[in-house]
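Take a look at the structure set out below.
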Protein chains: 2
Amino acid sequence: MQGTLPQDGSGQPNTEKPTRLPTHQVVYQRLREAVLFGELAPGEPVTIQGLIERTGAGMTPIREAIRRLTSEGALEFRGNRRVLVPMPTPDAIEELIFLRETLEPQLAARAAEKATKADIAALDRIDSALDDAITRGDVVAYLRQNHAFHMKLNDIADAPILADVAGGVWLRFGPAMRVVCGRMGTQNLPDNHKTAIQALRDADSKTAAEAIRLDVVQGMEQLLQALKDAEGFREAID
Amino acid sequence: MQGTLPQDGSGQPNTEKPTRLPTHQVVYQRLREAVLFGELAPGEPVTIQGLIERTGAGMTPIREAIRRLTSEGALEFRGNRRVLVPMPTPDAIEELIFLRETLEPQLAARAAEKATKADIAALDRIDSALDDAITRGDVVAYLRQNHAFHMKLNDIADAPILADVAGGVWLRFGPAMRVVCGRMGTQNLPDNHKTAIQALRDADSKTAAEAIRLDVVQGMEQLLQALKDAEGFREAID
DNA sequence: TCAATCAGAATATGATCAAATTATTTTTAG
DNA sequence: CTAAAAATAATTTGATCATATTCTGATTGA
């Protein structure tokens, strides 16, 4: 989250398509990741000026990125002119549980009908990296790989609107996830991914949906519990 | 959709709080309504330059408004440099049916537990205006009041995230709604609102949810059918 | 304690630069 | 000689930045 901007993150020499993506896209993706994986802590104020210094970008693209994120719920307009990363309340988490429990099993079921060998191989690869992260106790890597797994699964389902909405939900509980996992480490985290992958191999919608539902509910209930326990750090936000 | 900008839509002399809302907000709301109620037809290109002329606003606030709308799915990046109002495919409508059928009954159920007398009175008022619009055959007024009814109901439920997501869904099928209703008039439109209102009076969550579920499904199935019938105008978009 | 002034931050405009599409011209083939 | 295709020129649109203006919050003095 620093340094000069002009990189597209592909790592490749950027031949083939010299059309680099616009700055506002890059800033958007950076901010999005910063929110998702806890580079920006909940309650931390996000100022335009600060981002100008941090990214080296101009003012206009930054404003556009902030607008997008606020309209997706990743950032919040607080009071007069302050934008910050919101910390979800227990009530909000409860809403997010409902959304995830509804959307993601549905997407998993559809994915089971559409998944190709290549898709399944990709999921397998991600899940291995995820296991790695858990054994290493690397919280951020866990968050990234877990996110990647679910997004890939949603992508396979070939239901772009549902996947889009589901992705937006992750944006809202991401900050809380980071805080809680930072405290609890990578112990006791749910992993029903292997069941889900096998269900995809068998084209078994029912089982895939149930595996994901379990994964979602277990993870989110844990999150909710941790939040309710530690009402302490709420003062830091307000 | 023309004329000078500085109006906040309140119609009031704007005493009390001389802090007019920022231009980008106004532009956003205008564009949002234009998409929702068919002022902007599906397939119609939306250019920054065009909006500058139409609204008289500067470039920056317009860019911000467009970013917000695209990230909500109300506008779509098509090809290189064109932004337009997307016409949902039948597949997309099917996804939207799932979302509405899931979210709105849930919100109605919650609303039944929370509604005050004032809330119910407001819903009654909106529904009367809706009936008026139907008997007059005023398509745009029907769309506006129907939208207002469902949004008010969602608002009563006191579940801001769910309401937000549900509102986003409306943005995606709004354009199609306008086209179809423009062809069919206000005949045969579903209206289970009175059942829902009564259920709110009785604090009967089950009945409220089922009434809204019916309302949603009937309306959306009709929309889907009309779209499938008239695959004709798809050529106009692409 | 309240008001006035000042500093800092955000909003909004216009100018400038780059990219793309469209129109025009030129060349080539039938 | 005409028509079609390719190349180039011109207009249109989008992206970014620098700058001016407005608004908010704080601090200081009465």
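All chains are named by letter (A, B, ...) in the order of the sequence lines, taking the proteins before the strands, and each is independently numbered beginning at 1. Values below: all heavy atoms of this structure, side chains included; hydrogens, waters and symmetry mates excluded. Computed from a prediction, not measured in an experiment: that's the story for all the values here.
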Quiz item: Rounded to the nearest Å, what distance is computed from the CD1 atom of residue A:Ile52 to the P atom of nucleotide C:dG8?
Solution: 16 Å

Quiz item: With a 4.0 Å cut-off, would you call A:Arg172 and B:Asp164 a salt bridge?
Solution: yes

Exercise. Summarise protein proximity over nucleotides 12-17 of chain D in one line of letters, 5' to 3': B for base, S for sugar-phosphate only, - for none, counting protein heavy atoms closer than 4.0 Å.
Key: -BBBBB

Quiz item: Is it true that B:Arg32 and B:Glu72 have a side-chain N and a carboxylate O under 4.0 angstrom from each other?
Solution: yes

Practice problem: Using a strict 4.0 Å threshold on nitrogen-to-oxygen distance, state whether B:Arg110 and A:Glu94 make a salt bridge. | Solution: yes

Quiz item: B:Ile66 CD1 to C:dA12 P: how many Å, rounded?
Solution: 15 Å

Between side-chain atoms of residues 56-69 of chain B and protein atoms elsewhere (two or more places apart, or another chain), which donor-acceptor pairs fall under 3.5 Å?
{"unit_1": "B:Arg63", "atom_1": "NH1", "unit_2": "A:Glu64", "atom_2": "OE1", "d": "3.1"}
{"unit_1": "B:Arg63", "atom_1": "NH1", "unit_2": "A:Glu64", "atom_2": "OE2", "d": "2.2"}
{"unit_1": "B:Glu64", "atom_1": "OE1", "unit_2": "A:Arg63", "atom_2": "NH1", "d": "3.2"}
{"unit_1": "B:Glu64", "atom_1": "OE1", "unit_2": "A:Arg67", "atom_2": "NE", "d": "2.4"}
{"unit_1": "B:Glu64", "atom_1": "OE1", "unit_2": "A:Arg67", "atom_2": "NH2", "d": "3.1"}
{"unit_1": "B:Glu64", "atom_1": "OE2", "unit_2": "A:Arg63", "atom_2": "NH1", "d": "2.1"}
{"unit_1": "B:Arg67", "atom_1": "NE", "unit_2": "A:Glu64", "atom_2": "OE1", "d": "2.4"}
{"unit_1": "B:Arg67", "atom_1": "NH2", "unit_2": "A:His24", "atom_2": "NE2", "d": "3.1"}
{"unit_1": "B:Arg67", "atom_1": "NH2", "unit_2": "A:Glu64", "atom_2": "OE1", "d": "3.1"}

Quiz item: With B:Asp91, which residues qualify under salt bridge (charged side-chain N to carboxylate O under 4.0 Å, His left out), at least two apart?
Solution: none

